[in-house]
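Along the sequence shown, the residues carry numbers beginning at 1. What's counted below: heavy atoms across the whole structure, side chains too, no hydrogens, waters or symmetry copies.
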Amino acid sequence: MSGEANGSGAAHRPTMRDLLSRVHVRVPEYRIRRAGDRQISALSREGDTVRTESRSLGRAAYLSVKSQLHGRLLDALDKQKLLESSEDRIKAFVQEFVAKSLDTTELALNEAERRRLAEDLVEETLGVGPLAPLMADPAVADILVVGPFDVYIERFGRLEKTSVRFQDAAHLTRLIQRIASSLGRRIDESRPMVDARLADGSRVNATIPPVSIDGPTMSIRRFGRTRLRGKDLLRLGMYNEDIQRFLAAAVRARRNILVCGGSGAGKSTFLGVMAEAIPDDERIITIEDAAELVLDQEHVIRFETRPSNIEGRGEISMRDLLVNSLRMRPDRIVVGEVRSGEALDMLQAMNTGHDGSMATIHANTPKDALSRLETMVLMAGIDLPSRAIREQIGAALNLIVHVRRFEDGVRRLESVAEVTGFDGMAINTREVFRFHRRGMIDRRVVGDFEPTGYTPMCQTDFDLRQLDVPKEIYTRREVESPT
């Protein structure tokens, strides 16, 4: 940086105090979008001494100080064996560490800035560390950590690599252990995998060696602070108004609905949107592996499974919760995801008066969903003939909704099919609505949501309940192809 001439003609180089007096930043790095083209100084450490070097940055010196201190703080916590201590003890140590560190520098931070720095370092230490900027970005849907130096995110349906890095594999491992410990879980060489839910509802899955050969990994599936609603899905092009009206009527008419799709297709989001149509005066019980659903209704009971402890005890499975929920007088049972033997209990509930239930399942098509459901019933350990299982499925389910994430990153409803019964050999379905793909324009999938011309059997029930679903929405219409 070139200095200004003083009275004697000699160049004057601005000091750190001069520069900081011009810059006042009181927010964490991830909340700063622009810092202008101001010339500021950054701290760098050489041995045990702290020196200043002047260079042009796009961020405030405060953030550089925090970054430097955080690395030294982690080393100090590790040396003092405090990483597994209580939060209160760690907070006290961080505050003392910040005070001592700033006393040895020339930084002119006031009391409020010192307090902010201590709070940010506590958040970095007890929270998600270097991933905090990504967690604060509402556009980030997934955070994928592949070792300490490669961090990817999914934003607007596309994967991109970030500049976020951990110090080393040990730093990443400590963060994973800290997250697991704060959630009542444990991860080590004897149990090198963990799957849990963060305080904000995000799902985290982490692995460490020996199962992940090339180092620790972590993936975080984020959920927005405010959930997406039906009007948001309409705006995003996930379905159209006719399909929205039809599905809302199906929920109010207490149809049993299964939502299927691949991983990341938006099944849970769509399930939550459909649940908006459940009347406020009904008692709802949600059952999930990791609680993700957020419903508007007041009378909601949320259940979450629990894995076994290190001794192999204390597990509470989805099936345990489902069986228990039947004794709690539910009006609606919403199962986050059917994975195994709980499929049998879910079908029995649907067939014994608990109509209007909903669930999700991993499957590529509605037909595949029925096949997978049959396989999961067999996983319950009860020897039932295939015919009996298919009869139960055909009698229990009314609608199957298939959602898919297309190659352009947009999640769309691809099919709505009605289960029409069992004919002695197979479960019959008829498609009501579908997404008709017509091509791609500028790397974006182009198509239309259209009816198939089939009027579903549930329309009779809609008419009896005086639900506003005109039969015209099932009439096929000719749509021009994109140019």
Side-chain angles (χ1 to χ4, degrees), residues 30 123-124 126-189 191-225 227-228 261-272 288-294 304-307 318 336-337 339 360-362 403-405 407 409 411:
Y30 56 81
E123 182 180 353
E124 289 265 356
L126 299 179
V128 291
L131 301 180
L134 306 180
M135 292 292 290
D137 187 346
V140 174
D142 288 276
I143 301 173
L144 309 172
V145 182
V146 186
F149 309 124
D150 297 310
V151 179
Y152 298 83
I153 60 172
E154 180 191 318
R155 184 163 24 207
F156 306 118
R158 297 187 180 278
L159 283 178
E160 56 185 84
K161 191 173 183 178
T162 71
S163 59
V164 175
R165 292 165 59 94
F166 291 84
Q167 292 179 343
D168 48 33
H171 181 196
L172 176 55
T173 301
R174 287 196 301 268
L175 175 64
I176 292 173
Q177 291 173 338
R178 165 62 61 183
I179 292 175
S181 177
S182 66
L183 300 174
R185 307 290 174 86
R186 180 175 177 177
I187 182 169
D188 51 32
E189 290 187 359
R191 295 173 63 88
M193 298 182 293
V194 68
D195 188 73
R197 174 175 54 87
L198 298 178
D200 66 351
S202 301
R203 292 186 62 178
V204 57
N205 180 277
T207 64
I208 61 174
V211 294
S212 51
I213 300 173
D214 298 324
T217 69
M218 182 165 58
S219 61
I220 300 177
R221 170 69 58 82
R222 298 193 58 238
F223 299 94
R225 294 180 178 87
R227 69 178 182 85
L228 293 175
S263 180
K267 299 185 297 297
S268 297
T269 299
F270 202 83
L271 186 66
E288 302 173 86
D289 272 330
E292 302 171 6
L293 291 173
V294 179
E304 185 179 54
T305 62
R306 186 181 72 182
M318 185 84 75
E337 184 175 340
R339 296 179 182 270
T360 68
I361 187 174
H362 273 84
V403 293
R404 174 185 169 190
R405 181 172 63 176
E407 57 265 34
R411 295 168 174 85

Return the CD1 to CD1 distance between Ile153 and Ile220, rounded to the nearest 0.5 Å. 12.0 Å

Distance check, rounded to the nearest 0.5 Å: Leu172 atom CG versus Ile208 atom CD1? 10.0 Å

Among Thr217, Thr207, Asn205, exactly one meets side-chain contact (heavy atoms from CB on, under 4.5 Å) together with Met193. Which residue is that? Thr207

Side chains of Ser263 and Arg221 in contact at under 4.5 Å (non-hydrogen atoms): yes

If you take all heavy atoms of Val403 and Gly266, which pair is closest and at what distance? CG2-C, 4.3 Å

Side chain to side chain contact (heavy atoms under 4.5 Å, CB included) evaluation trace for Tyr152 with Leu134: CA-CA 10 Å; Tyr152 298 83; Leu134 306 180; over 6 Å; no

Taking every heavy atom of Ala265 against every heavy atom of Arg404, the minimum-distance pair comes out as CB-CA, 4.0 Å

Test item: Thr269 and Arg411 side chains (from C-beta on) under 4.5 Å apart, heavy atoms: no

Rounded to the nearest 0.5 Å, what's the gap from CZ on Arg174 to CD1 on Ile179? Could you check? 13.0 Å

In this structure, NZ of Lys267 is separated from NE2 of His362 (nearest 0.5 Å) by 3.5 Å

Mind checking the OG-CG spacing from Ser202 to Asp142? Nearest 0.5 Å is all I need. 9.5 Å

Any donor-acceptor N or O pair under 3.5 Å, side chains Thr305, Asp289: yes

Carefully, step by step, assess Thr360 and Phe270 under the rule side chain to side chain contact (heavy atoms under 4.5 Å, CB included). CA-CA 10 Å; Thr360 68; Phe270 202 83; over 6 Å; no

Side chains of Pro192 and Ser212: does their closest heavy-atom pair fall under 4.5 Å? no

Restricting to non-hydrogen atoms, name the atom on Ile176 and the atom on Ala206 that form the minimum distance, rounded to 0.1 Å. CG2-CB, 3.6 Å

Separation between CG (Asp137) and CG (Leu131), nearest 0.5 Å, reads 13.0 Å

Can Arg203 and Glu288 be said to form a salt bridge (Lys or Arg N to Asp or Glu O under 4.0 Å), step by step? CA-CA 12 Å; Arg203 292 186 62 178; Glu288 302 173 86; over 6 Å; no

With a cut-off of 6.0 Å (strictly less than), are more than 12 heavy atoms of other residues, nucleotides or ligands near CD of Glu160? yes

Can you see which heavy atom on Phe149 is nearest to which on Lys161, and at what distance? O-CE, 4.4 Å

So which atom in Pro216 and which in Ala169 form the shortest heavy-atom distance, rounded to 0.1 Å? CG-O, 3.8 Å

Between the main-chain N or O of Ile143 and the side-chain N or O of Arg222, is there a donor-acceptor pair closer than 3.5 Å? no

